[in-house]
Protein chains: 2
Amino acid sequence: MPDNEHKITILDIAEKANVSPSTVSRVLRNSAGVAARKRAAVLHAVAELDYRPNIFAQSLASGQSMTIGVLTQNFGSPFYDGILHGILLGLEGSDYWPLFADGRWQPAVEMRALQLLLDRRVDGLIIIGGQISEETLQQVARKTPLIVAARKTPTLPENCLYVKNYEGGYNATRYLIEMGHRDIAHITASYVNPVAVDDVSQRRKGYEQAILDAGWQPDPRLIVEGNLQQQSGVLAIEMLLARGRSFSAIFAANDQMAFGARLALYRRGIRVPEDVSLIGFDDETFAPYMVPPLTTMRQPDVEIGQAAVAAILDMLQGKKPDLPVFETELVVRESVARR
Amino acid sequence: MPDNEHKITILDIAEKANVSPSTVSRVLRNSAGVAARKRAAVLHAVAELDYRPNIFAQSLASGQSMTIGVLTQNFGSPFYDGILHGILLGLEGSDYWPLFADGRWQPAVEMRALQLLLDRRVDGLIIIGGQISEETLQQVARKTPLIVAARKTPTLPENCLYVKNYEGGYNATRYLIEMGHRDIAHITASYVNPVAVDDVSQRRKGYEQAILDAGWQPDPRLIVEGNLQQQSGVLAIEMLLARGRSFSAIFAANDQMAFGARLALYRRGIRVPEDVSLIGFDDETFAPYMVPPLTTMRQPDVEIGQAAVAAILDMLQGKKPDLPVFETELVVRESVARR
DNA sequence: TTTTATACTGAAAACGTTTTCGTGTAAAGG
DNA sequence: CCTTTACACGAAAACGTTTTCAGTATAAAA
């Protein structure tokens, strides 16, 4: 690099402002009273020299990294992406900076990512989904402010952000029933390579309870399993059709599988919603642009991200965080018809 | 763990292994020869005490942060997300760690994010899209290895990753022509709040040239502008239809607008591809699940991300990076019919 | 006027590494 | 044998802050 300019440090500021380095530091962090005259001189020198503190020295000396670790499973997934967006929003103007890591739904990768985040001495940690053992999580929580979202963690009620998936599944099904449907298929997922997905099984329980409450018996022939990806929605429909059990509506445990299902129905010449109604879960960005626009249960992803950050920030200040419970919301579009 | 509070440092290792701290450091970074016996002792002590180096001290002493800054404009966008994924992939196993920042397509936010990344002393920087002035970019490039992707930067040919958008637009249009279409509409975008989108205007030039090469004149009534979002695709179709100029095919400058267009056509009862053919650009994850599956031009997003990382890593080793030029690829699905 | 708090402030000690400098020792060369 | 040369490796000096400690004024209290 041709540019061998001397990096300006706090010492340069001190010299230029005719004070000691300690005083410069005090001014910069507002950690103690400093005479107005000197404060001005310091500020002036800082501006003049365009001083940029060395973040490593700061962190080393103060023991704080001013970063929040965010461990997610899949940058690409729309739901996770919404949470990330919320985190970004929540962090805005807070002096903290997010450090993202992606576990890619692989236990080994995830553990490594967690370790790396810890090694980078994050001041707080937000974990979205994943499959790290509760024991490990407890251990982490003991040393670092921790929030776990989009995942069930019975042993850490104080650190968990929770969405009412059971109610969501119930309400989605209930809506179909109210629209006159009786034979309602459900596309669920119990293991995704190969981690149990509690959220989704909660939705299934809600589905089954809604059927029971209507006075009917859930029919196992109407339940198929996918893996949350679009393609598995296609397969689910094939399987369902092969079983020969008729149905007039489908509740997919997430939008992505609903999209796949919709495509499979199109290929079979089955119209939506004239022949079969379809409801999803998540309200992904694409849902309003499905043909026809997808009726679905919205999860407040951005809000969850914001709440996670708010909670971490509270914890960092020693306050008890408040952990709202999130409701899902029915978004009526055009993929469900009255029967 | 029975955490006796005492953080173990390199000194503890040194003591336990009966060597000096310097030697421990040498073993850990492999920076100089160490007697096999001592090396083993150090490694043993490290394992025994579960030593974790303090990354701030390392960075402070070595002057390297072992991080790569990534400045993106929009975590949510599928194309950007693909690039991010590629970056993650490329970084795997490289000792470097990505630091993400989101410019949100807002110049002020973007500049602030850049500044923060620089303050964190990233060893390299990848900028995806955005509107930071070329002058600023040059300044940055002088001090830090820099790669700019998905954006035109005439003054920085050595730092730029480039996709053949012109050819992509040309080929998409050419394909429609070959399929027997003559009246081909184009949904483009010239400014997106309010940054000029060079990629998209290249595609438009390709479109116009293909028409010219077929011996016809581009008709301005067949060109509408959106803002790259789905919703603008809907509006574009409304506008197009209102103009009364007939057309049998549409080339949308990105998939998102194609999705919106498809919805608008559905609402008007215009069938795809029987009445109107539709081709997009990007090959987003959702494209194969549109109804009907969308024919589109694929951009190698993941590969771009990987190439960006590879280039940065090269630069960090003082090597001249090789900067491949990326081709787009026609992905034929079912949204274009022969006329 | 003397005492006693009450600001300020600078010197110096962390913080936990990496890296430079020398020194002692063993191998190689004459 | 005596010099070089090469190698290991410990001591100590960075790296750039924050924070503690110990003053010194200065103002308030007595």
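B/Ser25 comes within 4.0 angstrom of a nucleotide base, judged by non-hydrogen atoms across all strands. Using a 4.0 Å heavy-atom cutoff across all strands shown, B/Ser22 reaches at least one base atom of the nucleic acid.
Sorted by residue number, the members of residues 56-67 of chain B with any non-hydrogen atom under 4.0 Å from DNA chain D read B/Leu60, B/Ala61.
In this structure, NZ of A/Lys7 is placed 19 Å from P of D/dA14, rounded to the nearest angstrom. Here the C1' atom of nucleotide D/dT17 and the CG atom of A/Asn54 are 8 Å apart, to the nearest Å. With rounding to whole Å, A/Arg29 atom CZ is found 18 Å from C/dT9 atom C1'. Atom CG in B/Asn18 sits roughly 13 Å away from atom P in D/dC9 (whole-Å rounding). In this entry the distance linking CD1 of B/Ile10 with C1' of C/dT18 reads 8 Å, nearest Å. Atom pair A/Asp12:CG and D/dC15:P shows a separation of 12 Å (rounding to whole Å applied). Here D/dA12 presents its P atom at 14 Å from CG of B/Leu11, a figure rounded to the nearest Å. Counting to the nearest Å, the C1' atom of D/dT18 and the CD1 atom of A/Ile13 are 16 Å from each other.
Side-chain contact check for A/Val27 versus A/Val24: every heavy-atom pair is 4.5 Å or farther apart. Side chains of A/Ile126 and A/Leu71 form no contact here, defined as non-hydrogen atoms less than 4.5 Å apart.
Defined by atom type and a distance below 3.5 Å, a donor-acceptor pair is present between the side-chain atoms of A/Ser133 and A/Thr136. There is a side-chain donor-acceptor pair under 3.5 Å between B/Glu134 and B/Thr155.
B/Glu110 contributes a side-chain N or O that, together with a main-chain N or O of B/Gln131, makes up a donor-acceptor pair within less than 3.5 Å. For the pair A/Asn159 (side chain) and A/Leu146 (backbone), a donor-acceptor distance under 3.5 Å is present. Using a distance-only test at 3.5 Å, with no hydrogens or angles considered, a donor-acceptor pair links the side chain of A/Arg151 to the main chain of A/Gly130.
Side-chain N/O atoms of A/Thr9 include none lying less than 4.0 angstrom from OP1 or OP2 on D/dG16. Using a 4.0 Å cut-off, some side-chain N or O of A/Thr23 falls inside it from OP1 or OP2 of C/dG10.
For A/Ile304 against A/Ala149, the heavy-atom pair with the smallest separation is CG2-CB, 4.1 Å.
One N or O donor and one acceptor, one from the side chain of B/Arg26 and one from the base of D/dG10, sit under 3.5 Å apart.
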In a table with atom names and distances, give each donor-acceptor pair under 3.5 Å that connects a side chain of residues 88-97 of chain A to protein atoms at least two apart or in another chain.
{"unit_1": "A/Ser94", "atom_1": "OG", "unit_2": "A/Leu91", "atom_2": "O", "d": "2.7"}
{"unit_1": "A/Ser94", "atom_1": "OG", "unit_2": "A/Tyr96", "atom_2": "N", "d": "3.2"}

Measure all distances between protein nitrogen or oxygen atoms and nitrogen or oxygen atoms of nucleotides 5-8 of chain C, and list the pairs falling under 3.5 Å.
none

